[in-house]
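A short worksheet on the structure shown next.
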2 protein chains.
Amino acid sequence: MRIGELARQSGCGVETIRYYEREGLLPAPARSAANYRQYGERHAERLAFIRHCRALDMTLEEIRTLLAYHDHPERPCHEVNGLIDAHLAHVAARIRQLQALETALVTLRARCNGESEAEACGILRELSRPLGEDELPDPGEGAHLPGAHG
Amino acid sequence: MRIGELARQSGCGVETIRYYEREGLLPAPARSAANYRQYGERHAERLAFIRHCRALDMTLEEIRTLLAYHDHPERPCHEVNGLIDAHLAHVAARIRQLQALETALVTLRARCNGESEAEACGILRELSRPLGEDELPDPGEGAHLPGAHG
DNA sequence: CCTTGACCCTGTAGTGGCTACAGGGTGTGT
DNA sequence: ACACACCCTGTAGCCACTACAGGGTCAAGG
């Protein structure tokens with residue numbers, strides 16, 4: 001199987017697959033006479049594993065750790081559990097942050113009906129107010145999960 | 001006021017302020033004889049506006065739009081409302097995504113008590129399963145808000 | 001006067017996880 | 001013979017910073 005077919009099968013881009021290879025997540029496959037990458041079922045499975053983890057928003061570093069267990073089936077797996085728990089905590093923290101954000105935005109939105117000039121707009125007024133201590137984003141809790149933009 | 005004091009006052013780093021200047025969000029201030037940036041109250045207010053928006057997880061591009069209204073108080077402000085609504089929709093979409101993720105992770109986590117070898121670990125087994133159609137991340141809905149890692 | 005140390009300057013490179021070229025080669029169908 | 005889809009490598013861009021390197025400035029203390 002060539003890279004294009006693997007990309008279609010896995011639902012990710014050709015360039016992404018090459019990127020995973022550069023990053024050491026996918027082993028370098030054999031090459032055809034024309035220097036085309038030739039993938040087998042093992043590669044497809046490993047890529048599925050990676051995509052599954054990415055769909056759960058894990059970092060490539062976390063995935064590297066999980067792949068190490070995948071590759072060493074004799075090891076005890078409790079660290080796997082710890083990794084998932086930690087990731088779950090990150091996700092939960094990010095959800096709480098975004099919900100606080102949502103509340104703040106709803107409050108902000110209610111300050112203007114859109115019929116004023118910018119001068120009088122309650123939203124712009126509110127945004128000009130300096131931030132209070134409690135409104136600063138908490139850098140500790142959500143560490144390593146991105147914000148609202150994907 | 002020099003850049004360090006402005007940084008302390010606004011709660012962001014010195015380098016971030018210089019970055020906002022490069023990006024055109026903050027106007028270039030006057031310089032002292034020693035070529036130090038000299039800020040006044042106007043700069044502090046504008047930076048507070050920017051930090052307030054960033055605390056609400058808006059992009060610099062969105063902030064640029066809002067600043068344009070800030071700078072032209074005679075304009076009608078309904079576009080401001082639209083921007084906030086759109087941003088709110090992004091945040092709400094991201095929350096839904098992360099909640100789905102959380103559910104998936106909780107399910108995954110329940111598959112192993114951490115006492116197996118990796119070979120038998122239900123988590124690793126589950127991750128090796130190819131993704132179903134419905135498990136693919138939806139690239140449309142959450143566009144422009146980041147995922148779980150910050 | 002000299003040193004220490006905090007602050008400031010510019011410019012460049014790195015982060016993560018891709019994505020998008022440029023500039024070339026290969027393989028298949030008509 | 002040609003078009004066109006596919007493949008290759010390598011590099012640069014995305015966002016919002018962050019972290020240097022390598023230098024200049026300034027006030028306090030000895």
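The structure displayed is predicted, hence computed values, not measured ones. Residue numbers start from 1 in every chain, and the chains themselves are labelled A, B, ... in the order their sequence lines are given, proteins ahead of strands.
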Interface with DNA chain C, restricted to residues 30-38 of chain A and to heavy atoms under 4.0 Å | A/Ala34, A/Tyr36

So which nucleotide from C/dT19, D/dC7, C/dC8 ends up closest to the side chain of A/Ile3?
-> D/dC7

For atom CD of B/Gln99, decide whether the heavy atoms of other residues, nucleotides or ligands shown that lie under 6.0 angstrom number more than 12.
-> yes

Would you mind telling me which residue lines up with the more 5' stretch of DNA chain C, B/Tyr39 or A/Arg64, judged by nearest nucleotide?
-> B/Tyr39

Taking all atoms of both residues into account, what is the closest heavy-atom pair of A/Arg125 and A/Glu119, and its distance?
-> NH2-O, 3.5 Å

Any chance you could lay out the salt bridge (charged side-chain N to carboxylate O under 4.0 Å, His left out) test for A/Asp71 and A/Arg64, step after step, and finish with the verdict?
-> CA-CA 10 Å; A/Asp71 294 343; A/Arg64 243 184 285 272; over 6 Å; no

For residues 34-43 of chain A, dump all side-chain donor-acceptor pairs below 3.5 Å to protein atoms at least two apart in sequence or in another chain.
unit_1, atom_1, unit_2, atom_2, d
A/Asn35, OD1, A/Arg31, NH1, 3.3
A/Arg37, NE, A/Glu21, OE1, 2.8
A/His43, ND1, A/Gly40, N, 3.3

Terminal axes of the helix from C/dC1-D/dG30 to C/dT30-D/dA1 (five pairs each): angle between them, nearest 10 degrees | 30°

Only distances under 3.5 Å count here; give the side-chain donor-acceptor pairs of residues 2-9 of chain A to other protein atoms, sequence neighbours excluded, each with its distance to 0.1 Å.
none

Sequence-distant partners of A/Tyr19, side-chain hydrogen bond (donor to acceptor under 3.5 Å, both in side chains), two or more places apart | none

Does B/Arg46 reach the side chain of B/Pro27, with side-chain heavy atoms less than 4.5 Å apart?
-> yes

B/S/- contact track for nucleotides 11-16 of chain C, protein heavy atom under 4.0 Å | ------

